[in-house]
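First the proteins, then the strands, lettered A, B, ... as listed; each starts at 1. From a predicted model like this one, the values you see are computed outputs, not experimental measurements.
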2 protein chains.
Amino acid sequence: MQNANGTPETAQRFRQRPLVQEVRDELERMILGGEVEAGERLNEIVLARQMGVSRGPVREAARSLEREGLVRAVANQGVYVRKLSLEDALELYDLRALMAGELCASVAAMPGAHIRADLRDLVDTMDDLIAGDDQDSYFTANLAFHDHIAAVAGLERTRSLYVALGKEVRLFRLRVLNGLASLVVSNAEHRRILAAIEAGDVETARTEGRNHHLNGKRRLLETLNG
Amino acid sequence: MQNANGTPETAQRFRQRPLVQEVRDELERMILGGEVEAGERLNEIVLARQMGVSRGPVREAARSLEREGLVRAVANQGVYVRKLSLEDALELYDLRALMAGELCASVAAMPGAHIRADLRDLVDTMDDLIAGDDQDSYFTANLAFHDHIAAVAGLERTRSLYVALGKEVRLFRLRVLNGLASLVVSNAEHRRILAAIEAGDVETARTEGRNHHLNGKRRLLETLNG
DNA sequence: CGATTGTCGATTGTCAACAATATTCTGTTG
DNA sequence: CAACAGAATATTGTTGACAATCGACAATCG
């Protein structure tokens with residue numbers, strides 16, 4: 001296993017994570033990072049050689065990645081990076097919107113002032129980042145906002161699906177939120193979600209959470225058509 | 001393995017399916033059939049010996065089963081049959097209800113008289129089965145009804161999730177539909193779904209499809225409490 | 001010339017052996 | 001007798017080798 005931070009000895013001696021986890025993360029990074037193209041076949045042998053492991057862990061990691069829909073395996077032929085059609089991406093947006101709605105509704109239904117405070121901090125931070133034109137940081141904060149909602153909603157399966165679908169849709173590899181205008185609109189939607197959560201309005205939280213993602217889908221379509 | 005795509009399977013020679021597929025199906029059958037208890041550890045060695053294969057395919061099959069949430073793997077410790085808490089089961093019902101709503105809505109939005117005819121046949125058949133007190137056949141027809149909707153909805157990812165969640169919830173292993181009264185109620189709900197689909201009423205189809213599953217959740221709770 | 005068949009190289013599927021890790025047992029000690 | 005340390009055992013993690021299969025190209029036949 002190649003080691004990004006040059007400590008190969010330590011990593012080998014005190015390895016606690018199974019190799020398959022390392023390989024899995026590396027493969028996921030390669031796929032989501034665009035180092036391997038959509039539809040491309042993942043050659044077990046060369047991957048194993050690249051990472052300095054045998055084919056076993058590579059195979060298991062590939063099966064694990066199949067779970068998240070990042071790759072599809074064909075018998076006697078190999079695993080291919082999944083290629084997302086526009087219809088696939090739109091369906092993923094819809095599914096994700098449903099999950100997000102449930103997660104927001106669940107958070108709105110539970111007490112916990114600190115949760116709301118954390119969310120408010122994130123939304124305020126995002127406004128600052130927009131003002132400073134720091135789009136990369138905005139994406140990070142945006143991710144943190146949604147992850148935080150998902151983490152505290154108490155719906156583990158829904159959360160894991162939400163996260164997995166998020167990775168899956170990234171296969172489509174199209175940055176929808178570009179331009180400050182989109183960011184402003186996006187964070188305004190965050191505020192509406194937050195307001196519903198703070199008000200304990202379950203149904204509104206569900207609707208706003210879902211609409212936020214459906215708007216993302218709409219922006220995707222506009223980006224493609226315009 | 002179904003052959004939906006154009007795989008050349010002309011020869012009737014018995015197909016040599018990859019072993020991992022056989023092992024996977026066998027494990028799934030054992031888990032869903034209750035041959036191994038929830039929370040029990042799956043011993044790679046004894047399973048491999050039982051099935052007459054080596055541990056490799058067993059390991060891969062286990063990882064594949066993790067995809068459907070039927071088992072959970074712990075590093076250096078093995079894979080365990082997933083144990084579902086009541087909260088887990090309820091969450092799965094909610095998720096499945098959402099998927100079902102989307103699938104029904106999608107079918108309602110598309111043309112195709114033969115699809116509706118097939119569904120109507122199934123509903124009529126189920127009424128006959130109720131009249132004949134053939135509960136086992138009813139369960140089969142019920143499954144066919146929902147599978148058929150999922151199959152023709154044109155939402156592949158939603159369908160696969162719906163099916164996987166269906167297997168997952170079976171881990172809770174509690175037959176909710178017992179007694180003819182429940183069957184009558186259940187098929188009445190089927191008719192409402194069908195009516196909305198035939199009318200092309202997308203929103204009603206979504207609501208009825210979702211409610212049908214939420215009612216199943218309600219019946220589960222009533223079974224447990226009463 | 002086109003289609004079919006045979007062969008070859010590359011790749012995946014499977015296996016059994018070895019290494020690392022977790023669990024159980026056992027004997028000792030306070 | 002309880003608690004602990006360490007060995008013994010069982011199980012998972014990993015590996016390299018071998019078998020089965022697939023795709024491509026060349027040879028053969030009509």
Side-chain angles (χ1 to χ4, degrees), chain A residues 1-3 8-27 30-31 36-37 39-67 70-82, chain B residues 1 3 5-27 30-31 36-37 39-67 70-82:
Chain A
M1 188 74 200
Q2 63 184 12
N3 208 332
E9 312 288 341
T10 314
Q12 190 170 6
R13 290 209 313 171
F14 297 106
R15 165 162 47 84
Q16 283 151 347
R17 291 183 66 198
L19 263 188
V20 54
Q21 294 283 355
E22 307 270 358
V23 175
R24 205 203 72 92
D25 290 351
E26 175 70 4
L27 281 180
M30 289 172 67
I31 294 173
V36 291
E37 293 181 17
E40 187 175 339
R41 188 167 61 83
L42 296 180
N43 187 314
E44 291 180 2
I45 296 179
V46 307
L47 285 174
R49 195 149 30 195
Q50 278 180 9
M51 303 184 189
V53 300
S54 79
R55 284 173 48 216
V58 174
R59 286 176 66 87
E60 283 194 33
R63 290 283 187 276
S64 176
L65 245 49
E66 207 184 354
R67 168 175 193 182
L70 260 47
V71 88
R72 71 175 223 280
V74 180
N76 285 320
Q77 209 172 347
V79 304
Y80 297 81
V81 178
R82 188 152 166 243
Chain B
M1 188 196 305
N3 198 355
N5 50 12
T7 311
E9 292 292 335
T10 54
Q12 293 198 349
R13 243 188 353 236
F14 76 90
R15 154 169 356 161
Q16 188 149 1
R17 262 199 341 173
L19 265 186
V20 54
Q21 294 281 356
E22 306 270 1
V23 175
R24 205 203 72 93
D25 290 350
E26 175 70 5
L27 281 179
M30 290 172 66
I31 294 173
V36 291
E37 293 181 17
E40 189 176 337
R41 187 167 61 85
L42 296 179
N43 188 315
E44 290 180 3
I45 297 178
V46 307
L47 285 174
R49 195 147 31 194
Q50 279 180 8
M51 304 185 189
V53 301
S54 79
R55 285 171 47 217
V58 175
R59 286 176 66 88
E60 282 194 34
R63 293 290 184 278
S64 176
L65 245 50
E66 207 184 354
R67 167 178 192 182
L70 261 47
V71 303
R72 69 175 224 281
V74 180
N76 284 321
Q77 209 171 347
V79 304
Y80 296 81
V81 178
R82 186 151 165 244

By side chain to side chain donor-acceptor pair (under 3.5 Å) - contacts of R82(A) (at least two apart): E168(A)
Non-neighbouring partners of E66(B) that pass side chain to side chain donor-acceptor pair (under 3.5 Å), sequence neighbours left out: none
When you get a sec, tell me which of [options] is the closest nucleotide to the side chain of [X]?
{"X": "R41(B)", "options": "dT12(D), dT14(C), dT14(D)", "value": "dT12(D)"}
{"X": "I45(A)", "options": "dT11(C), dT14(D), dT21(D)", "value": "dT11(C)"}
{"X": "N76(A)", "options": "dC15(C), dC22(D), dT15(D)", "value": "dC22(D)"}
{"X": "E44(B)", "options": "dT15(D), dT14(C), dT12(D)", "value": "dT12(D)"}

Sugar-phosphate only, base, or nothing, as touched by G56(B) at under 4.0 Å among non-hydrogen atoms: nothing
Sugar-phosphate only, base, or nothing, as touched by L42(B) at under 4.0 Å among non-hydrogen atoms: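 Sugar-phosphate contact only.
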Whole angstrom is fine here: how far is it from [atom1] in [X] over to [atom2] in [N]?
{"X": "R49(B)", "N": "dT12(D)", "atom1": "CZ", "atom2": "P", "answer": "12 Å"}
{"X": "E60(B)", "N": "dT12(D)", "atom1": "CD", "atom2": "P", "answer": "16 Å"}
{"X": "R63(B)", "N": "dT14(D)", "atom1": "CZ", "atom2": "C1'", "answer": "12 Å"}
{"X": "R24(A)", "N": "dT14(D)", "atom1": "CZ", "atom2": "C1'", "answer": "19 Å"}
{"X": "Q21(A)", "N": "dT12(D)", "atom1": "CD", "atom2": "P", "answer": "17 Å"}
{"X": "E22(A)", "N": "dG13(D)", "atom1": "CD", "atom2": "P", "answer": "14 Å"}
{"X": "L19(B)", "N": "dT12(C)", "atom1": "CG", "atom2": "P", "answer": "18 Å"}

Heavy-atom pair with the smallest gap, counting every atom of Y80(A) and V71(A):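 Residues Y80(A) and V71(A), closest heavy atoms: O-CG2, 2.9 Å.
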Side-chain touch L19(B)/M51(B), heavy atoms, less than 4.5 angstrom: no
From R59(A) atom CZ to R63(B) atom CZ, the distance as rounded to the nearest 0.5 Å: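 The CZ atom of R63(B) is 13.0 Å from CZ of R59(A), to the nearest 0.5 Å.
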Base-paired stems in DNA chain D, each at least three Watson-Crick or G-U pairs under 3.5 Å: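 DNA chain D stems, ordered by first number: C:1-30 with D:1-30.
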Would one find a side-chain N or O of [X] under 4.0 angstrom from OP1 or OP2 of [N]?
{"X": "R59(B)", "N": "dG13(D)", "answer": "yes"}
{"X": "Q77(A)", "N": "dT11(C)", "answer": "no"}
{"X": "R55(B)", "N": "dG13(D)", "answer": "no"}
{"X": "N43(A)", "N": "dT12(C)", "answer": "yes"}

Derivation and outcome, side-chain contact (heavy atoms from CB on, under 4.5 Å), residues L47(B) and M30(B): CA-CA 11 Å; L47(B) 285 174; M30(B) 290 172 66; 4.1 Å; yes
Test side-chain contact (heavy atoms from CB on, under 4.5 Å) applied to R24(A) and R67(A), step by step: CA-CA 11 Å; R24(A) 205 203 72 92; R67(A) 168 175 193 182; over 6 Å; no
